[in-house]
Q: 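Right, I'll just put the structure down here and ask away after.
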Amino acid sequence: MSPIDMGMEGAGPASQPPPSAMGTRLTVCVGGGGVGKTTTSAALALSLARHGRRTLVITVDPARRLADALGTEVGRHAQPVRLEGANGCLFARMPDSRMSLDDFVLWLFEDPVQRKRVMDNPAYRELGDSLAGVHELITIGLLQTEIDSGHWHEVVLDTAPSRHALAFLTYPTRLLGLLEAKALSWLAALASNADPTQAELKPKSGLFEWGRSKAEAIMGKIVGLEGLRNLSALFGDMVSVRERWAGLARRTDHMLRNPSTRYLIIGAPTGGAMADAGFLVRNLSSHGLQPSAIVLNRAESEPPVCEQRVLEAVTQDHRGLQDDHREALVRTLRGMQQEHELRGDAAHRAIEGLQAIAPAGTSVIRLPFVHRSEPSAIVIALADAWHASGSDL
Amino acid sequence: MPLTSTTPATNQLLQAPVVYVTGKGGVGKTTVAAAIAFDASRRGQRAALVEFDDGESGARTLGDARSHVAHIVLEYDKALVDTLGSVLGAKIIARALVSHSALKRLISAVPALREFAFLDRVCALACSQRYDRIVVDLPASGHALDWLRVPNAFARFLGRSPLGNLGRRIHDEVVAAGRSEVIVVTLAEPLVVKETEQLCDRLRRELGTVPALVVVNRVMQPDPDGAWEAVTSLADQSPEIADDARELLDILRARGDQADDTAYAFGLARSVEARHVVPLPDAPHDPSAAQVADWLRQEVPA
């Protein structure tokens, strides 16, 4: 039985009718490293939950940052998140990568004999974690299940902090292409020669214009006979569940191209982040998609009013303060003012750059630098700021 | 910038010929890698900065330092042909294999082949004797350990086959202790430090090493003493300034927390027994490799 199921303990009343009547909306958050993407995704999810939408935030990021930010735990089920204003509408899902790989194999292979063969295969044991895109595939499987469940009004997906975050979207389709390649059937056939229980995978005639023996010889030379046998067995097993991949590929594509699915690019005013944002805009465009908005972090338009007012108050009048304390305060406030100015300049440059690369009319949402170190406090402050910006969630 | 006169091969900061710089995205990893390479060149060493796929960030950070440091960008298709070519004894066969449309997709699905090919190219660079110091900027989204364990994993999984033997050789040349070192870049932020902690833990468990250097980046200067007292005093005064003062206190407190976070990062680095721990200041603009190299010099005795 697939462990991809959900616990709904702690679910509060949503102020809107159940999703099956309205459909589940997916928001995919992408962005380079170091822009505050995880906390921003969480802030968006909190804002949606505050509006009474039953919201799930999922992260592909295996480093537990989201769990820490939300004060929740890694788990196999959606965990309730108790943050200010969430009112039982906010949940988080954070896959643990090793456990999830095995879960994914459980989902993929229903036959227990086949499952055991896969899990005992040295290729799987040694290198399963490194199988190209495996973490991403796990997340897609998870994402698909949650959306299909009909429990959620909103699903917010926090992707890996990389400009290649969108690559995972195409994995099922690419893997499907791989699984349908002639070469793979040939490789699977090698396995069937070795293993009588796989007799149904006998090669078709005229399969491979190279000459099977020549290609076998070369592959055998590179990886050795044992390695060839193990790889063949693994691929053979994957080919046999081809239909499951095909189904996953179709549904993923449908989910990602759904008109209600939206893509948010998260950035910050640094050279690296802006280069990544540009790359992501072009990447989205190559898939025929465009961002619904760009969120620029650490980009407040105005410094906090209190700083200016206190500075004015103590420069006009000593207010009974000790001289050295007063001087220290003035130096501090002037330093903070300069930080704001520098950030403001950087934000201004970033926005100009964004306007040049983003499709016309893409809105830019500016969120402030948050003066908090506690991650959950940052999430709350960003959610408040998002609300204050007046932009449409 | 004039090079200094040749110094002995081992300098205080680094001892191994291959240095892997790791850290999550956005911490300034590429900048530190470029700075380390530039600093090596200033000490008279032949230095290379190695990046994968897209050399844009390295080029941007190196800036003018590019004339002193060999900037090597490894691209996957070429790396794969080079690696398979060395195993098969002929690049022509390798090229044919890789360009065959059906086999190409198959090859691209082989687990960890990408990491393997790239590390094989690093191994080739090391064996070429062209460089005294090879600084490898590992991809941010990857996990350093997932890279560094690949050659041995191939060796175990593929036994005495040519690729398996190559895996063993790569491990011995550019991963094993004494041949390589790891530099971890982190920020003084709790979430980032936690991730760094996990990385160092895995380094110790899986490779039996500790980081040669932990760089705590973007450390803010603490606010001058007395500011806090001044604001507290204002908060006790008449209402028109008291509310603003209290809000300002929250901000100052958060800024003070960052000093605690820096201390936490340093504590972590000490607990994992990194050879050196270095703070780098927060800069208003993205600093260049040369600027960061100067900061490193100030922090670590020459």
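Order of the sequence lines fixes the chain letters, A, B, ..., with proteins taken first and strands second; residue numbering starts at 1 for each chain.
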Q: For Asn230(A), is it the side chain, the backbone, both, or neither that has a heavy atom closer than 4.5 Å to a heavy atom of chain B?
A: side chain
Q: Would you give the length of the straight line joining atom CD of Glu229(B) to atom CD of Gln322(A), rounded to the nearest 0.5 angstrom?
A: 8.5 Å
Q: By a 4.5 Å heavy-atom criterion (distance strictly below it), what part of Val314(A) contacts chain B: side chain, backbone, both, or neither?
A: side chain
Q: Check each atom of Gln338(A) against the heavy atoms of chain B and say whether the ones under 4.5 Å are side chain, backbone, both or neither.
A: neither
Q: Among Ala268(A), Gly34(A), Ala275(A), Gly335(A), who wins on heavy-atom pairs under 4.5 Å with chain B?
A: Gly34(A)
Q: Atom NE2 of His325(A) and atom OG1 of Thr232(B): how far apart are they, to the nearest 0.5 Å?
A: 9.5 Å
Q: Show the nearest heavy-atom pair for residues Ala328(A) and Gly226(B), with the distance to one decimal.
A: CB-C, 3.9 Å
Q: Quick check for you: among Asp223(B), Thr61(B), Asn165(B), which has the greatest number of heavy-atom pairs under 4.5 Å with chain A?
A: Asp223(B)
Q: State whether the number of non-hydrogen atoms from other residues, nucleotides or ligands found under 6.0 Å of Arg60(B) atom CZ is greater than 12.
A: yes
Q: Let me confirm one number: the CD-CG distance from Glu339(A) to Asp282(B), rounded to the nearest 0.5 Å.
A: 7.5 Å
Q: Could you grab the distance from atom CD of Glu56(B) to atom CG of Asp276(A), nearest 0.5 Å is fine?
A: 8.0 Å
Q: Between Asp225(B), Val87(B), Leu248(B), which residue shows the highest count of heavy-atom pairs closer than 4.5 Å to chain A?
A: Leu248(B)
Q: Chain A: which of Ile251(B), Leu166(B), Leu252(B), Asp257(B) shares the most heavy-atom pairs with it under 4.5 Å?
A: Ile251(B)
Q: Counting neighbours of CG on Asp64(B) that are heavy atoms of other residues, nucleotides or ligands and sit closer than 6.0 Å, is the number greater than 12?
A: no
Q: Write down the atom of Pro224(B), the atom of Thr332(A), and the distance for their closest heavy-atom approach.
A: CD-OG1, 3.1 Å
Q: Against chain B, work out which of Pro304(A), Gly271(A), Ala313(A) has the most heavy-atom pairs shorter than 4.5 Å and name it.
A: Gly271(A)
Q: Heavy-atom cut-off 4.5 Å, strictly under: side chain, backbone, both or neither for Gln237(B) against chain A?
A: side chain
